[in-house]
Amino acid sequence: MEEWQSITQNPFDISNLLNNTKNLIGESGEWLKEQVKKIPYGGLLVTTFDSLYFILSGGLYYIKLIFVDNGLLTFALFEAFALAFSAGTSRNFYTFMRKYVNWHRALFEFTIGLVRTFIDIVSKVVQALKPV
């Protein structure tokens with residue numbers, strides 16, 4: 001009976017569950033760091049992974065900021081520069097269109113190359129971490 005009263009008086013709250021989960025993950029991460037520091041070169045390993053996390057999370061933050069949060073602005077800026085460059089360096093309409101399309105093709109090739117490089121890096125990391 002008391003348990004039922006405590007449940008009805010304290011209804012389920014997802015924020016409490018998330019905070020508890022976050023605290024549990026943080027505590028287990030700190031415990032794991034302390035355990036790894038006990039092995040030889042463990043401190044160096046922890047410092048290296050902390051630095052990698054700092055660099056990658058910063059990079060991902062700026063990529064998200066530029067391309068997700070301000071994606072429309074980024075696209076509009078690219079279009080404005082492509083149009084301005086194409087119009088400023090050509091005198092007839094067909095040359096203008098060819099340069100404009102070439103800018104978009106170069107952007108597409110760059111994006112595909114970036115995705116390909118990212119997938120290649122992830123696959124190499126997975127191959128390196130895979131047990132023999």
Side-chain angles (χ1 to χ4, degrees):
M1 185 71 171
E2 291 175 17
E3 182 180 352
W4 177 254
Q5 288 176 348
S6 68
I7 290 173
T8 56
Q9 290 172 355
N10 300 321
F12 180 73
D13 187 13
I14 191 71
S15 62
N16 288 337
L17 179 66
L18 291 176
N19 286 335
N20 291 339
T21 306
K22 185 172 69 171
N23 291 337
L24 181 64
I25 291 172
E27 290 171 5
S28 62
E30 291 300 321
W31 177 83
L32 183 64
K33 278 185 183 180
E34 294 303 320
Q35 297 303 316
V36 170
K37 285 181 180 179
K38 291 179 183 177
I39 63 173
Y41 300 107
L44 181 63
L45 187 66
V46 168
T47 305
T48 302
F49 280 120
D50 282 344
S51 299
L52 281 173
Y53 174 77
F54 176 73
I55 291 169
L56 290 176
S57 65
L60 289 174
Y61 169 77
Y62 284 111
I63 288 173
K64 178 187 172 287
L65 178 70
I66 292 170
F67 294 108
V68 176
D69 295 341
N70 298 313
L72 190 59
L73 177 65
T74 304
F75 178 72
L77 265 162
F78 172 77
E79 286 296 320
F81 282 119
L83 283 170
F85 178 77
S86 299
T89 58
S90 60
R91 292 293 174 210
N92 73 17
F93 181 72
Y94 296 108
T95 307
F96 162 75
M97 287 304 293
R98 184 172 52 237
K99 287 183 180 183
Y100 184 68
V101 169
N102 284 340
W103 266 73
H104 283 83
R105 190 181 83 213
L107 175 68
F108 180 73
E109 289 174 356
F110 171 75
T111 305
I112 294 298
L114 194 67
V115 169
R116 183 179 296 144
T117 303
F118 179 73
I119 291 172
D120 187 44
I121 289 171
V122 169
S123 68
K124 286 181 181 178
V125 168
V126 168
Q127 288 295 326
L129 294 177
K130 189 168 61 171
V132 178

Closest non-hydrogen atom pair, [X] against [Y]:
X	Y	result
Asp120	Ser123	O-OG, 2.8 Å
Asp69	Leu65	CB-O, 3.6 Å
Lys99	Ser90	NZ-N, 4.3 Å

>> Taking salt bridge (charged side-chain N to carboxylate O under 4.0 Å, His left out) as the definition, give me every residue that meets it alongside Arg105, ordered by chain and number, with sequence neighbours left out.
In response: Glu109
> In terms of heavy-atom contacts, does CG of Leu72 have more than 12 from other residues, nucleotides or ligands at under 6.0 Å?
Replying inline: no
>> For residues Leu83 and Trp103: do they belong to one hydrophobic cluster (side chain heavy atoms under 4.5 Å, members Ile, Leu, Val, Met, Phe, Trp, Tyr)?
In response: no
> Under a 4.5 Å side-chain heavy-atom rule over Ile, Leu, Val, Met, Phe, Trp and Tyr, are Phe110 and Val115 clustered together?
Replying inline: no
> Hey, are the side chains of Thr111 and Phe108 touching, using non-hydrogen atoms and a 4.5 Å cut-off?
Replying inline: no
>> Counting C-beta onward and ignoring hydrogens, is there a side-chain heavy-atom pair between Thr74 and Phe78 closer than 4.5 Å?
In response: no
> Aromatic rings Tyr100 and Phe96: how do their planes relate, parallel, tilted or perpendicular, breaks at 30° and 60°?
Replying inline: parallel
Counting only pairs under 3.5 Å, give me each side-chain donor-acceptor contact of residues 26-44, with atom names and distances, residues two or more places apart or in other chains.
unit_1, atom_1, unit_2, atom_2, d
Ser28, OG, Leu24, O, 3.2
Ser28, OG, Ile25, O, 2.9
Lys33, NZ, Asp50, OD1, 3.4

Which value, rounded to the nearest 0.5 Å, describes the distance between [X] atom [atom1] and [Y] atom [atom2]?
X	Y	atom1	atom2	result
Ile112	Leu107	CD1	CG	10.0 Å
Leu73	Phe67	CG	CZ	11.5 Å
Tyr61	Lys64	OH	NZ	7.5 Å

